[in-house]
Amino acid sequence: MITIDTTNMCSHLQKKLFEENGIYHSLWIAMQDDPELTAVVRSRQLHIYRNGKKVLVLAGKATPKVIREDKLCEILQKEK
């Protein structure tokens with residue numbers, strides 16, 4: 001289970017990620033079941049890593065930045 005410090009996270013991103021009707025909520029649920037993933041809040045954005053390599057950056061108002069192709073990115077594409 002991933003736990004993150006949301007103190008410096010953008011409020012728009014918090015809504016999209018944690019509220020059940022948020023567009024990133026299914027991504028958050030998938031992250032909880034994947035032990036290879038870690039996440040860190042930097043510059044109000046959520047940086048997601050798989051085995052220490054960055055795969056995705058989620059921001060509140062900006063579009064997500066795909067760094068590496070990953071199964072998380074596939075979930076994100078389905079949400080659009």
Side-chain angles (χ1 to χ4, degrees):
M1 177 154 221
I2 293 179
T3 56
I4 55 174
D5 180 9
T6 60
T7 306
N8 294 319
M9 184 185 283
C10 171
S11 62
H12 289 95
L13 180 56
Q14 287 182 27
K15 290 177 185 174
K16 290 179 178 181
L17 200 60
F18 302 126
E19 291 183 4
E20 286 192 34
N21 62 346
I23 62 171
Y24 300 148
H25 188 69
S26 60
L27 196 68
W28 177 249
I29 298 300
M31 289 171 59
Q32 299 305 305
D33 297 330
D34 197 329
E36 296 177 342
L37 293 175
T38 56
V40 177
V41 176
R42 290 198 181 114
S43 302
R44 301 177 52 87
Q45 302 173 335
L46 186 65
H47 295 246
I48 303 168
Y49 299 84
R50 180 176 300 282
N51 297 323
K53 295 182 179 181
K54 191 184 295 186
V55 293
L56 186 62
V57 178
L58 299 177
K61 291 187 177 180
T63 58
K65 296 176 191 167
V66 175
I67 309 298
R68 292 186 193 335
E69 287 302 317
D70 189 82
K71 56 186 169 185
L72 273 185
C73 301
E74 293 172 11
I75 295 170
L76 187 63
Q77 293 300 322
K78 290 178 186 176
E79 295 299 313
K80 287 184 177 182

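Residues take their numbers from the sequence shown, with the count starting at 1.
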Open item on the list: Is the shortest side-chain heavy-atom distance between L17 and Q14 below 4.5 Å?
Closed with: no

Task: Minimum side-chain heavy-atom gap L27-I75 below 4.5 Å - done: yes

- [ ] Decide yes or no for L46 and Y24: does some side-chain heavy atom of the first lie under 4.5 Å from some side-chain heavy atom of the second?
- [x] no

Open item on the list: Counting C-beta onward and ignoring hydrogens, is there a side-chain heavy-atom pair between I4 and M9 closer than 4.5 Å?
Closed with: yes

TODO: Mind checking the NZ-CD1 spacing from K15 to I23? Nearest 0.5 Å is all I need.
DONE: 13.0 Å

- [ ] Please tell me if the side chains of D70 and L56 come closer than 4.5 Å, counting only heavy atoms from C-beta onward.
- [x] no

TODO: Go through the steps to decide whether V55 and I67 satisfy the test side chain to side chain contact (heavy atoms under 4.5 Å, CB included), and finish with yes or no.
DONE: CA-CA 5 Å; V55 293; I67 309 298; 5.6 Å; no

Task: Donor-acceptor pair, side chain of K16 and main chain of G60, under 3.5 angstrom - done: yes

Below 3.5 Å, can you tabulate the donor-acceptor pairs from side chains in residues 34-41 to any protein atom, sequence neighbours excluded?
from : atom 1 : to  : atom 2 : distance (Å)
D34  : OD1    : E36 : N      : 3.1
D34  : OD1    : R50 : NH1    : 3.3
D34  : OD2    : R50 : NH1    : 2.8
D34  : OD2    : R50 : NH2    : 3.0
E36  : OE1    : R50 : NH1    : 2.9

Task: With Y49 via ring-ring contact (aromatic ring centres under 6.0 Å, His included) - residues at least two apart - done: none

Task: Trace of the side chain to side chain contact (heavy atoms under 4.5 Å, CB included) decision for H47 with K54 - done: CA-CA 7 Å; H47 295 246; K54 191 184 295 186; 3.1 Å; yes

TODO: Drop me the distance from R68's CZ to I48's CD1, to the nearest 0.5 angstrom.
DONE: 14.0 Å

Open item on the list: Between E19 (side chain only) and H25 (backbone N and O only), is there a donor and an acceptor less than 3.5 Å apart?
Closed with: no

TODO: Might you point out which heavy atoms bring F18 and T6 nearest each other, and give the distance in Å?
DONE: CE1-CG2, 3.7 Å

TODO: Find out whether M31 and L72 are in side-chain contact, i.e. whether some heavy atom of one side chain is under 4.5 Å from a heavy atom of the other.
DONE: yes

